[in-house]
Amino acid sequence: MKKLLSTLLISTVIFGGVQAVAAQDVVGAGDADINISGNLGADNTDPDTLIPETDVDWINVTVPTDTIFYSNGGDTVIKAPKYDIVNNSGRPVKISVKGFSANPSNPTVPGDFNLNLLVDGPATGNAATTPSTELIKSGAPQGPTNELITLANSADQYSKTDPLVPAGTAAKNKATFTYVGSATTTNVVKLKYTLSLRFDAVGF
């Protein structure tokens with residue numbers, strides 16, 4: 001039988017993500033060769049690195065370890081600094097709220113205590129999916145689990161066809177966030193909360 005070798009593009013699931021691979025049909029032959037490409041010490045900041053699409057090994061994001069919010073005595077307005085989120089990865093990364101919880105040792109909070117998370121993509125073309133997320137309403141944590149923003153990769157790409165920018169000049173891979181809200185209190189109330197974020201690599 002005549003040997004027939006055809007190549008086609010298929011999709012296969014690898015490590016929980018969809019990876020496009022070339023496949024060959026071997027008909028009427030007793031052998032086939034499979035090419036192997038390796039990447040020792042893979043650099044996940046390089047868009048050309050051989051890591052399966054959407055794999056967690058693409059994640060390389062810088063976020064703050066500690067953040068604060070506060071209100072001045074006699075003032076109901078809650079303020080906070082602005083904090084940065086930077087995607088250092090060679091793939092875009094979707095950032096979502098995974099959870100929000102109060103420390104069990106927190107004292108009783110004012111009944112009118114409200115707190116929101118504000119997210120902004122400073123560069124044109126990377127607007128926040130959810131600019132404002134309710135964290136606390138009437139003193140009670142809300143436990144949101146929504147998407148916040150998708151950041152471009154370290155070369156300002158959302159897709160493989162987007163042009164690469166020179167190293168260190170990316171802008172769409174950054175976002176800022178802060179806290180706003182209000183509360184009425186005549187005493188100093190010290191509080192602790194945990195904001196958990198989820199990171200998902202977006203395949204090219």
Side-chain angles (χ1 to χ4, degrees), residues 1-65 84-100 119 121-130 133 143-177 194-204:
M1 180 182 293
K2 182 179 179 181
K3 179 177 179 180
L4 174 64
L5 181 65
S6 63
T7 302
L8 63 158
L9 191 67
I10 65 170
S11 292
T12 182
V13 177
I14 299 181
F15 302 118
V18 177
Q19 174 76 30
V21 298
Q24 57 183 337
D25 291 332
V26 182
V27 181
D31 58 78
D33 293 329
I34 298 175
N35 297 323
I36 303 172
S37 297
N39 211 335
L40 301 180
D43 177 8
N44 66 4
T45 68
D46 181 358
D48 293 326
T49 292
L50 298 179
I51 298 175
E53 298 297 337
T54 74
D55 193 274
V56 70
D57 283 335
W58 276 113
I59 302 301
N60 188 332
V61 181
T62 301
V63 297
T65 304
D84 295 326
I85 302 175
V86 181
N87 179 24
N88 310 301
S89 169
R91 288 293 181 271
V93 171
K94 180 176 71 173
I95 301 173
S96 308
V97 176
K98 184 179 179 181
F100 179 79
V119 176
T124 301
N126 74 325
T129 306
T130 309
T133 299
T145 56
N146 54 276
E147 180 182 347
L148 296 174
I149 191 170
T150 297
L151 298 179
N153 71 357
S154 57
D156 252 10
Q157 295 176 297
Y158 282 105
S159 68
K160 194 172 186 177
T161 57
D162 290 341
L164 285 77
V165 301
T169 65
K172 297 176 184 177
N173 68 327
K174 302 176 179 69
T176 63
F177 71 93
T194 299
L195 173 65
S196 300
L197 299 180
R198 175 186 172 92
F199 307 110
D200 293 293
V202 179
F204 273 175

Residue list, side chain to side chain contact (heavy atoms under 4.5 Å, CB included) with Val93, at least two apart or on another chain =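 Here the qualifying residues are Ile59, Val61, Asn87, Ser89, Ile95, Phe199.
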query = Residues two or more places apart in sequence or in another chain: which of them pass side chain to side chain contact (heavy atoms under 4.5 Å, CB included) with Thr194?
reply = Ser101, Ser196
Contacts of type side-chain hydrogen bond (donor to acceptor under 3.5 Å, both in side chains), residue Asn146, not counting sequence neighbours =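 Checked Asn146 against side-chain hydrogen bond (donor to acceptor under 3.5 Å, both in side chains); matches are Thr133.
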Rounded at 0.5 Å granularity, tell me how far [atom1] in [X] sits from [atom2] in [Y].
X      : Y      : atom1 : atom2 : result
Asp48  : Leu164 : CG    : CG    : 7.5 Å
Asp162 : Asp156 : CG    : CG    : 9.0 Å
Leu195 : Lys98  : CG    : NZ    : 12.0 Å
Arg91  : Asp57  : CZ    : CG    : 12.5 Å
Glu147 : Arg198 : CD    : CZ    : 11.0 Å
Thr129 : Leu148 : OG1   : CG    : 8.0 Å

Would you check if the side chain of [X] reaches a backbone N or O of [Y] as a donor-acceptor pair within less than 3.5 Å?
X      : Y      : result
Thr49  : Asp43  : yes
Ser154 : Thr45  : yes
Trp58  : Pro92  : no
Asn126 : Asn173 : no

Looking only at heavy atoms, what is the nearest atom pair of [X] and [Y], with distance?
X      : Y      : result
Gln24  : Ile34  : NE2-CG1, 4.2 Å
Leu50  : Gly38  : CD1-O, 4.2 Å
Pro122 : Ala175 : CD-CA, 3.9 Å
Pro47  : Phe204 : CB-CE1, 4.4 Å
Gly90  : Asn153 : O-ND2, 3.0 Å

Can you find a heavy atom in the side chain of [X] that is under 4.5 Å from one in the side chain of [Y]?
X      : Y      : result
Tyr158 : Thr150 : yes
Val97  : Thr130 : no
Thr54  : Asp200 : no

request  = Scan side-chain atoms only and decide if Thr62 and Asn88 contain a donor-acceptor pair under the 3.5 Å cut-off.
outcome  = yes
